[in-house]
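To start, the structure itself, in structure tokens.
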Amino acid sequence: MGKNHPNVDKYVVSRVRALESILLEKGILPPDAVDRVVQRYEADTGPMVGVRAVARAWVDSAYKQRLLEDPRGALKDFGLDYEALRVVENTPAVHNVVVCTLCSCYPWAVLGLPPTWYKMPAYRSRTVVEPRKVLAEFGLTIPESREIRVWDSSAELRYMVLPERPAGSQAMSEAALIPLITRDALIGVADVRLPSPA
């Protein structure tokens, strides 16, 4: 799986495009409305809030504790009042991954736009049954000695993963860490890694 997974539901894509086309044609949807929403979630809102919170947590242990215990209060530091969120921390012993088995509940304001694969039935069902295998398809191999915890998001409570800080990044500032953190790491289908030396 992954953002370029070949099993993107073409039927759903066609339906969305058809609906958008009809709404545009009837003048119900302004021509730039979809682009503005995408821009807002990709560049202005998320995953920058989640990314910034993780970078802050990596350099500030007091903030990290607050993010884990009171995510709503911690996210207010970044101008977001998001009530229904729990942050789960990856450790050497535990790897967390988020899914929504019922539909596709996802904290847009924290993580930005959900990836297409997150909504796919295959991801939603298989991640619960065989998480290690699904993560391997994302290129993330979790050793048998490390526990995998799967968190099922709902309308009442959604999740964000606090990934492990990559080894070798201890001298990096909060600002320098931000570009390393991806949305996929905040869902738990990727690790955060330092760029390979050129």
Side-chain angles (χ1 to χ4, degrees), residues 1-24 28-29 33-43 45-51 53-54 71 80 82-90 94-144 146-164 181-193:
M1 289 201 174
K3 65 182 178 183
N4 297 318
H5 193 273
N7 291 332
V8 171
D9 190 333
K10 292 177 182 169
Y11 175 70
V12 172
V13 171
S14 297
R15 286 184 63 187
V16 169
R17 287 189 178 147
L19 179 61
E20 182 182 352
S21 178
I22 290 168
L23 293 172
L24 287 168
I28 296 170
L29 186 69
V34 174
D35 289 341
R36 280 189 282 118
V37 171
V38 170
Q39 166 70 23
R40 177 170 179 227
Y41 281 101
E42 282 189 345
T45 305
M48 290 312 296
V49 173
V51 165
V54 167
L80 180 65
Y82 196 84
E83 188 175 357
L85 184 75
R86 179 173 173 195
V87 178
V88 290
E89 181 184 14
N90 281 353
V94 176
H95 180 87
N96 296 284
V97 62
V98 180
V99 69
C100 177
T101 56
L102 287 177
C103 49
S104 57
C105 291
Y106 183 88
W108 284 43
V110 182
L111 302 185
L113 292 174
T116 304
W117 50 260
Y118 187 83
K119 304 174 191 172
M120 294 172 57
Y123 175 77
R124 290 161 35 203
S125 60
R126 288 186 57 226
T127 300
V128 175
V129 177
E130 47 186 12
R132 209 172 297 276
K133 193 171 177 182
V134 170
L135 291 174
E137 292 174 19
F138 278 94
L140 186 60
T141 302
I142 306 294
E144 291 292 333
R146 194 175 183 198
E147 179 188 353
I148 298 177
R149 294 182 184 163
V150 180
W151 300 92
D152 194 357
S153 278
S154 69
E156 288 77 34
L157 185 59
R158 296 170 188 194
Y159 296 89
M160 180 184 90
V161 173
L162 172 59
E164 286 186 282
I181 304 164
T182 64
R183 174 207 59 205
D184 287 3
L186 305 183
I187 297 172
V189 297
D191 278 334
V192 178
R193 297 182 180 146

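Everything numeric here is computed off the predicted structure, so don't read it as measured data. Only heavy atoms go into these numbers, but all of them, side chains included; no hydrogens, no water, no symmetry mates.
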Minimal non-hydrogen separation, Leu135 against Val189, with atom names: CD2-CA, 3.7 Å
Atom pair CE/OG1 of Met120 and Thr127 - distance to nearest 0.5 Å: 10.5 Å
When every non-hydrogen atom of Gly188 is compared with those of Leu140, the smallest separation belongs to O-CD2, 3.8 Å
From Thr141 OG1 over to Lys133 NZ, what is the distance, rounded to the nearest 0.5 angstrom? 13.5 Å
Side-chain donor/acceptor of Asn90 to backbone N/O of His95, under 3.5 Å: no
Can a donor-acceptor pair be found, under 3.5 Å and without considering hydrogens, that links the side chain of Tyr118 to the backbone of Cys105? yes
Got a sec: does the CZ of Arg15 have more than 12 other heavy atoms crowding it under 6.0 Å? no
Identified side-chain contact (heavy atoms from CB on, under 4.5 Å) partner of Val87 from the options Val110, Leu186, Leu162: Leu162
Any chance you could measure Glu89, atom CD, to Glu164, atom CD, to the nearest 0.5 Å? 8.0 Å
Could you give me the CA-CA distance, side-chain angles and deciding distance for Trp117 and Asp184, then say whether side-chain contact (heavy atoms from CB on, under 4.5 Å) is met? CA-CA 11 Å; Trp117 50 260; Asp184 287 3; 3.5 Å; yes
For the pair Arg124 (side chain) and Cys103 (backbone), establish whether a donor and an acceptor sit closer than 3.5 Å, ignoring hydrogens and angles. yes
Donor-acceptor under 3.5 Å (Arg183 side chain, Val51 main chain): no
Quick one: does Arg158's side chain have a donor or acceptor within less than 3.5 Å of a partner on Tyr106's backbone? yes
Quick one: closest heavy-atom pair of Val98 and Ser153, and the distance? CG1-OG, 3.5 Å
Please report the shortest heavy-atom distance between Ile142 and Arg132, naming the atom on each side. O-NH1, 3.0 Å
Kindly give the heavy-atom pair with the smallest separation between Pro163 and Val161, and that separation in Å. CD-O, 3.1 Å
Parallel, tilted or perpendicular, as decided by the 30° and 60° cut-offs, for the rings of Tyr159 and Trp151: tilted
Please lay out, stage by stage, how Ile187 and Phe138 fare under the test side-chain contact (heavy atoms from CB on, under 4.5 Å). CA-CA 12 Å; Ile187 297 172; Phe138 278 94; over 6 Å; no
Asp152 side-chain N/O to Thr101 backbone N/O, donor-acceptor pair under 3.5 Å: yes
Between Gly139 and Arg193, which heavy-atom pair has the shortest distance, and what is it? O-NH2, 4.1 Å
Inter-residue atom distance Leu85.CG - Leu111.CG, 0.5 Å rounding: 7.5 Å
